[in-house]
Amino acid sequence: MEQDYPKRSDSQPLLATWIKWTMDFWDSLIQMGPGPTGASPSGASPSGAALPEGAPSPPVLQAAIKMWEAFFSLLSEPQTVSALFQDIHAPSEIILKMAQTGWGAYFHLHRLWLETIRAPSREPKDLRLEGLDQEIFRSWMETYEKDFQRLLNVPQVGLTRLSQEGMNRLADKFYQFQSAMGEFVYTIHLPMKKSLKDMQDLLKTHALQGKVSGDFKDYYKIWIKYLEGDYMTLFQSADFTRAMNKALIAFGDFTLARQEMLADTLRGLPLPTNRDMDELYREVYLLKKQVRELTKMLIKTETSQ
Amino acid sequence: MPPPKIPVDLIMARLAQEAGEARHRLEKARDILMGPLETDIAATPYDVVYEEDRIKLKYYRPARGPQIKTPLLVVSALIHRETILDLQPGRSVVQNLLKEGLEVYLIDWGHPTRKDRWLTIDDHVNGYMDNVIDFIRRRHGLNQINLMGVCMGGNFSLMYGALHPEKIKNLITVVTPSNFDTDKGLLHLWMKEIDADRLVDAFGNLPGDLLNIGLLLLNPARLMFDKYVGFLENMDNQEFVENFIRMEKWIFDTPAVPGETFRQFIKDCYQRNLLIQSRMELGGARVDLQQITMPLLNVYARYDHLVPPEACDRLTQCVGSRDTEDLCLDTGHIGIYVSHKCQKELVPKIARWLKEREGSKEAPAEKPARKKAARKRKPASK
């Protein structure tokens, strides 16, 4: 098979070349083989001898092959290929931008974390329970809201747009829930860190003064008192109340979004959803209330007669 | 700098001694935990004499017959099971009341399910409680009964006493928050900021597990850590283990709270403090504390971390009754039900107080005529 292979300089000729090779391959295959019905498209047998009389020809197969040949010929036209490749870089650029954003955010958070560990002024004893270190969570939420959340809020199109939007809403609420819970768990953890550091300092002082007690229960009791006091200080702070409220709201929103998604997924099954049952329960509740009131009125009327 | 003086030899000797003790304790604990344990709660015999939806009314009869004609209805909170009042022999409020010759009725609010999410405070007070009280009155042929409310049950009892004073002879509130506008007590601080609407819309009923976590967070050092260290140290004591398990059974048997009840309780009580101001409304009727004209005994605990004294001590000044008494006990919120000391102090005081007023004249069966201005029913605010 003699082919005229064009020189490869960029992606456009490469695709055209590939299409041409594909067409030539199928052409040659058809010419070589008898096909599923034993007859070649040209009506000749592979050995070149004429087919016996009465041998059936595959008109449907021939028509299909002709159609594909015409389609691929169109694709290999330079104008068609250049139109195809005009925006081929766009998706890759979008993907690259997303990846860069993600990596950028990750490295920013990583840097903050390293600073937290390395900085000598960030000893646990300096951690004020009244003013919590919110920076890392704030940075994550800012990054998320700026870069990722907008992608999730893009309106969807098509037949399944409602389900897609439900999925995106669930993902959005999940990330917010994770962030809020992370912040809440972090705040709960602070008194533990502070009390342990205070105990370290106390032990060091006692050791220097030669007052180390042989009974560890004494130190345990002291540590529990420190811990209790630190938790009380934390729980009375506005920061903790805000973090707890935020976590509860995020949990509630995530629960709602998950229920909606689940109801949407199970819609095909003969199962009632929470919403269906709530509506039913409300009707039953109102009916029962009405019956009770009417019963009381009836008893009162009968009693007074 | 001189080297630290740490008696390493003493510490090592102590460790060796404690390791031996720990091993011995573990062996004994294994025998106790895998052997028969008496951990039943609410063991005092009772009859269920009335049921409505999830509500059950338990009736306890004193062994030697009633010494007070008027029975006592005890209403506990929705947020915990009523079994705390009959936790274990020797530390049972119910048993001690029976010993004092009182006939006791106790409401079991049960475990709400999803269908109960629409029940409001009005349904509990003017619905279930009213039906229960009418049942008891008919059963005993009385116009009035004695009513005792514990914690949130005390709030319901106050509301009922204000709306139906003609049916209540004497009213007792135990660790009942009536003034929610205080910064003492973490619950009061936290509930002011809670978005009750979003929680109820998301969950329907407030899950018992979520409420449990909130209650444990009130003092995690003691409730989640120190308590279990104490258990490990006393695992070889059978009585301790049994009492501990009984308490655990009660603590983690927290029912869900019906959504609409939770919504109104948080918004109207914790956030707007309407009850003590007599501005709360149930089913279109205003809860006017001045209508509480029957004798009132208000019991609260000095070291209560859930319902601090500041949330309780204004009540007797706001009711219409002239026969009121405050009793502050040196204990905490749970200790008032189960501590040995309080069992000797609280229940005899309640019995004595009720007996002193047993012979007082009953109010007529019909509601007394009230001034039009006070009786005027305002439509419920939206």
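Because only heavy atoms are used, hydrogens play no part in the values below, and waters and symmetry mates are left out as well, while side chains stay in. Every chain is numbered from 1 and lettered A, B, ... according to where its sequence line falls, protein lines coming before strand lines.
Aromatic ring pairs are classed by plane angle as parallel below 30°, tilted from 30° to 60° and perpendicular above 60°; the pair B:Phe135 and B:Tyr50 is tilted. Ring geometry, B:Phe180 versus B:His188: the interplanar angle falls from 30° to 60°, so the pair is classed tilted. By the 30° and 60° cut-offs, the orientation of the rings of B:Phe240 relative to B:Phe244 is parallel.
For B:Leu186, the part lying near chain A is the side chain, with the backbone staying farther off; criterion is any non-hydrogen pair under 4.5 Å. Proximity to chain B (any heavy atom under 4.5 Å) is shown, for A:Arg282, by both the backbone and the side chain. Within the 4.5 angstrom heavy-atom criterion, only side-chain atoms of A:Lys288, from C-beta onward, approach chain B. With a 4.5 Å cut-off on non-hydrogen atoms, B:Arg114 touches chain A through its backbone and its side chain both. At a 4.5 Å heavy-atom cutoff, the contact between A:Lys217 and chain B is made by side-chain atoms alone. Contacts of B:Asp197 with chain A are absent, with no heavy-atom separation under 4.5 Å from either backbone or side chain. With a threshold of 4.5 angstrom between heavy atoms, B:Asp116 does not approach chain A through any atom at all. Only the side chain of A:Tyr285 comes within less than 4.5 Å of a heavy atom of chain B; its backbone N, CA, C and O stay farther away. Looking at B:Asp134, neither its backbone nor its side chain comes within 4.5 Å of chain A, counting heavy atoms on both sides. Of the two parts of B:Glu52, only the side chain, counted from C-beta on, holds a non-hydrogen atom closer than 4.5 Å to a non-hydrogen atom of chain A. Contact annotation for B:Asp183: neither backbone nor side-chain heavy atoms come within less than 4.5 Å of a heavy atom of chain A. At a 4.5 Å heavy-atom cutoff, the contact between A:Tyr220 and chain B is made by side-chain atoms alone.
Of the listed residues (B:Glu193, B:Arg222, B:Lys192, B:Arg117), the greatest number of heavy-atom pairs within a distance under 4.5 Å of chain A belongs to B:Arg222. When each of A:Leu227, A:Asp278, A:Leu280 is scored by its heavy-atom pairs under 4.5 Å with chain B, the top score falls to A:Asp278. Of the residues considered (A:Thr241, A:Thr255, A:Asn274), A:Asn274 shows the highest number of contacts with chain B, using heavy-atom pairs under 4.5 Å. The most heavy-atom pairs under 4.5 Å with chain A, out of B:Leu119, B:Leu217, B:Leu189, come from B:Leu217. Heavy-atom pairs under 4.5 Å with chain B peak, among A:Val284, A:Ile249, A:Leu286, at A:Ile249.
A:Asp230 and A:Ser195 share no side-chain donor-acceptor pair at under 3.5 Å. For the residue pair A:Asp253 / A:Gln176, no side-chain donor-acceptor distance below 3.5 Å is found, with atom types taken as modelled.
Exactly one of B:Asp123, B:Ile121, B:Asp268 qualifies for a side chain to side chain contact (heavy atoms under 4.5 Å, CB included) with B:Leu282. That residue is B:Ile121.
The environment of B:Lys184 atom NZ is sparse: at most 12 non-hydrogen atoms of other residues, nucleotides or ligands sit within 6.0 angstrom. A:Arg161 CZ: more than 12 foreign heavy atoms inside a 6.0 Å radius.
Salt-bridge formation is not detected for the pair A:Glu293/A:Lys296: no Lys NZ or Arg NE/NH1/NH2 atom is positioned less than 4.0 Å from an Asp or Glu carboxylate oxygen. Electrostatic pairing of B:Arg25 and B:Glu233 does not count as a salt bridge here, judged by no charged N lying under 4.0 Å from a carboxylate O.
Centroid-to-centroid, the aromatic rings of A:Tyr231 and A:Phe240 stay 6.0 Å apart or farther.
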